[in-house]
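Note that ligands are numbered from 1 as they come in the structure, with each ligand's atoms numbered from 1 the same way. These values consider heavy atoms only, across backbone and side chains, with no hydrogens, waters or symmetry-generated copies.
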Amino acid sequence: MTIYGVGEEMRTALITGISGQDGSYLSEMLLGKGYEVHGLIRRTSNYNLSNIEHIKDRIHLHYGDIENENHLCSILHEISPDEIYNLAAQSDVGVSFQIPEYTGLTTGMGVCRLLEAVKRFSPKARLYQASTSELFGNSPAPQNENTPMMPTSPYAVAKLYGHHMVRVYRESYGLFACCGILFNHESPRRGLNFVTRKITHAVAEIVSGKRQTLWLGNLDAKRDWGYAPEYVKAMWMMLQRDEPEDFVIGTGETHSVGEFAEYAFEVAGLDWLKHIEVDANNLRPNETRLLCADITKAKTLLHWQPDINFRGLVNIMVDADLKRIR
Ligand code: NAP
Ligand code: G4F
């Protein structure tokens with residue numbers, strides 16, 4: 001099924017970060033709409049394309065790196081994409097405290113390199129930049145597009161640089177470039193380094209007797225967790241509008257890490273208090289304490305809102321990890 005009118009040409013999309021959680025769901029969605037999908041991947045010593053293994057024959061993969069503007073220029077020159085989704089990033093907030101400079105080079109400067117490449121080789125393409133609720137830091141909740149941005153980590157500072165660069169290139173060169181300020185979104189494809197998947201994976205291992213204990217950090221931090229496949233739809237919707245604008249995307253529901261763990265263990269018939277220990281190594285030097293989205297603008301102008309709530313998300317993730325382990 002395609003979304004195009006009779007005689008309209010197939011659209012081409014380039015996704016950086018195609019092998020990640022969001023890149024894989026976005027690829028599936030765009031293929032379903034009849035797009036020709038291209039993705040940027042890094043060369044690694046260990047093959048790490050498990051999220052896109054099932055669609056690898058239907059997409060076009062290009063080796064490159066968001067750290068190298070030449071790669072970006074040649075790909076844009078070669079494929080002339082209609083839409084570009086910049087999802088590539090060192091996306092782990094905790095790790096960004098350990099490798100702040102590297103995080104700045106990929107998560108921040110990567111955006112600058114891509115914008116320059118787009119300006120030179122694809123000025124008519126529409127660009128989506130993956131901004132984040134981490135930009136808000138500890139500004140009061142609920143957070144919306146007008147909330148002051150006060151980042152609390154090297155990751156968020158790098159994202160803030162990218163966020164403003166998109167605006168600067170939009171205003172200075174007339175690029176169709178916009179940012180989705182997405183709150184946490186999760187799925188069975190979430191990396192094991194993130195707390196939700198770390199928990200649901202551990203639940204499955206405890207059920208199967210592989211271990212008894214899960215070591216976590218700050219159980220009090222609150223996040224607005226949604227379901228990733230619904231969020232990639234919002235990315236695409238932003239690029240279909242007449243004018244480029246930034247949107248906050250989330251659920252408007254917030255829960256602590258402890259609540260997530262408690263319910264995930266409950267779904268599997270376990271008592272979380274018997275299995276959770278706090279390990280100071282999982283604590284961060286600084287923390288965003290409370291995130292909760294105000295999605296009024298997305299509901300009103302984008303006509304986007306999520307269907308999967310907190311409990312629905314935890315059920316999906318625990319079920320998937322239990323199936324995987326059996
Ligand atoms: P993810 O699973 O960590 O995926 C990140 C992707 O970026 C991977 O494909 C990774 O490739 C790629 N990448 C990393 N460094 C790169 C480099 N130097 N050159 C090229 N590619 C590189 O992240 P995600 O959850 O899908 O999130 C997608 C984007 O949205 C990220 O920018 C993230 O910061 C942002 N975001 C995520 C959330 C969320 O809750 N998920 C919320 C707000 C914003 P490898 O497989 O080679 O590492
Ligand atoms: O799952 P997390 O690592 O996600 P975090 O830091 O909220 O970042 C994610 O969401 C952002 C959007 O708001 C994205 F921009 C970013 O790329 C990433 O996708 O941690 C969530 C919370 C934090 O407060 C953390 O301190 O969980 C707390 N936590 C407690 N124990 C833990 C752990 N986090 C991790 N990763 N591991 C733990 O053991």
Side chain or backbone of R42 under 4.0 Å from ligand 1, or both, or neither, by non-hydrogen atoms? side chain
Heavy-atom proximity to atom 14 (C) of ligand 1, picking from A88, A158, S50, A89, points to A89
With side chain to side chain donor-acceptor pair (under 3.5 Å) as the criterion, how do T152 and T288 come out once you've worked through the C-alpha distance, each side chain's angles and the decisive distance to 0.1 Å? CA-CA 6 Å; T152 56; T288 296; 2.8 Å; yes
Quick one, H275 with F265, criterion ring pair (Phe, Tyr, Trp, His ring centres under 6.0 Å). Give me CA distance, side-chain angles, the key distance, then yes/no. CA-CA 9 Å; H275 299 281; F265 277 80; 5.7 Å; yes
Can you tell me which portion of S131 lies within the under-4.0 Å heavy-atom range of ligand 1? Options are side chain, backbone, both, or neither. backbone
Counting heavy atoms only, which part of D22 comes closer than 4.0 Å to ligand 1: side chain, backbone, both or neither? both
Residue-ligand contact R189/ligand 1, heavy atom below 4.0 Å: no
Proximal ligand 1 atoms for T106, defined as those under 4.0 Å from one of its heavy atoms: 18 (N)
Could you find the nearest protein heavy atom to atom 25 (O) of ligand 1 and give me its residue, atom name and distance? R190 NH1, 3.3 Å
Give the residue, atom name and distance (to 0.1 Å) of the protein heavy atom nearest atom 18 (N) of ligand 1. D65 OD1, 2.8 Å
If you have a sec, work out which protein heavy atom is nearest atom 29 (C) of ligand 1 and how many Å separate them, to one decimal? L87 O, 3.2 Å
Based purely on interatomic distance, does L182 place a nitrogen or oxygen under 3.5 Å from a nitrogen or oxygen of ligand 1? no
I'd like to know if E259 and K222 make a salt bridge, using a cut-off of under 4.0 Å between side-chain N and carboxylate O. no
Presence of salt bridge, D65 and R43, under 4.0 angstrom: no
From the candidates G20, S19, S187, A156, the one that places a heavy atom nearest atom 4 (O) of ligand 1: G20
Before you tell me yes or no, could you show the steps for H54 and E28 under side chain to side chain donor-acceptor pair (under 3.5 Å), namely the whole-Å CA-CA distance, both residues' side-chain angles and the distance that decides it to 0.1 Å? CA-CA 10 Å; H54 59 298; E28 283 171 9; 2.5 Å; yes
Surrounding NZ of K233 (heavy atoms of other residues, nucleotides or ligands, distance under 6.0 Å), is the total greater than 12? no
Sub-4.0 Å heavy-atom contact, T16 with ligand 1: no
Quick one: which ligand 1 atoms are inside 4.0 Å of a heavy atom on N48? 46 (O)
Verdict with supporting geometry, F260 and H255, ring pair (Phe, Tyr, Trp, His ring centres under 6.0 Å): CA-CA 7 Å; F260 190 105; H255 294 273; 9.1 Å; no
For atom 40 (O) of ligand 1, which of the options E134, R43, H185 provides the nearest non-hydrogen atom? H185
Does this structure show an ion pair linking R223 with E134, if we count only N-O contacts that are shorter than 4.0 Å? yes
Would T107 and Q90 satisfy side chain to side chain donor-acceptor pair (under 3.5 Å), going step by step from the backbone distance to the final call? CA-CA 6 Å; T107 307; Q90 190 302 90; 5.5 Å; no
From CA spacing to verdict: side chain to side chain donor-acceptor pair (under 3.5 Å), D22, H185: CA-CA 9 Å; D22 290 4; H185 46 281; 2.6 Å; yes
Between E230 (side chain only) and G226 (backbone N and O only), is there a donor and an acceptor less than 3.5 Å apart? no
Taking only residues two or more places apart in sequence or in another chain, which ones pass side-chain hydrogen bond (donor to acceptor under 3.5 Å, both in side chains) with R326? none
Could you tell me, atom by atom, which parts of ligand 1 come under 4.0 Å of a heavy atom of T132? 43 (C), 44 (C)
Any atom of ligand 1 sitting under 4.0 Å from a heavy atom of S133? no
If you take the nearest heavy atom of each of Y85, W225, Y155, F183, which one is closest to atom 36 (N) of ligand 1? Y155
Inspect the contact between D246 and R170 and indicate whether a charged nitrogen and a carboxylate oxygen are less than 4.0 angstrom apart. yes
salt_bridge(R126, E83) N-O dist < 4.0 Å: no
for atom 19 (N) of ligand 1, nearest protein heavy atom and its distance come out as I66 N, 3.0 Å
Which heavy atom of the protein is the closest neighbour of atom 12 (C) of ligand 1, given with residue, atom name and distance? G17 CA, 3.8 Å
I'd like to know whether CD of E171 has more than 12 heavy-atom contacts from other residues, nucleotides or ligands below 6.0 angstrom. yes
Atom pairs and distances, ligand 2 N/O vs protein N/O under 3.5 Å:
| residue | atom | partner | partner atom | Å |
| --- | --- | --- | --- | --- |
| ligand 2 | 1 (O) | V195 | N | 2.8 |
| ligand 2 | 3 (O) | R284 | NH2 | 2.8 |
| ligand 2 | 6 (O) | R284 | NH1 | 2.7 |
| ligand 2 | 6 (O) | R284 | NH2 | 3.3 |
| ligand 2 | 7 (O) | N184 | ND2 | 2.8 |
| ligand 2 | 7 (O) | R223 | NE | 2.8 |
| ligand 2 | 10 (O) | N184 | ND2 | 3.0 |
| ligand 2 | 13 (O) | S133 | OG | 2.6 |
| ligand 2 | 13 (O) | N184 | OD1 | 2.7 |
| ligand 2 | 17 (O) | S91 | O | 2.7 |
| ligand 2 | 17 (O) | Y155 | OH | 2.8 |
| ligand 2 | 19 (O) | R190 | NH1 | 3.2 |
| ligand 2 | 19 (O) | R190 | NH2 | 2.8 |
| ligand 2 | 20 (O) | R284 | NH2 | 3.4 |
| ligand 2 | 24 (O) | R223 | NH2 | 3.1 |
| ligand 2 | 24 (O) | E287 | OE1 | 3.0 |
| ligand 2 | 24 (O) | E287 | OE2 | 2.9 |
| ligand 2 | 26 (O) | E287 | OE2 | 2.6 |
| ligand 2 | 31 (N) | G217 | N | 2.8 |
| ligand 2 | 36 (N) | N193 | O | 2.9 |
| ligand 2 | 39 (O) | K198 | NZ | 2.8 |

Contacting atoms of ligand 1, where contact means under 4.0 angstrom from a heavy atom of N184: 40 (O)
Among protein heavy atoms, which sits nearest to atom 2 (O) of ligand 1, and what does the distance come to when rounded to 0.1 Å? Q21 N, 3.1 Å
Got an N/O contact under 3.5 Å between S91 and ligand 1? yes
Counting C-beta onward and ignoring hydrogens, is there a side-chain heavy-atom pair between E287 and N138 closer than 4.5 Å? no
Salt-bridge test for E116 and R120: reply yes if a basic N is under 4.0 Å from a carboxylate O, no otherwise. no
Contact atoms of ligand 1, heavy-atom distance to A130 under 4.0 Å: 29 (C), 30 (O), 32 (O), 35 (C)
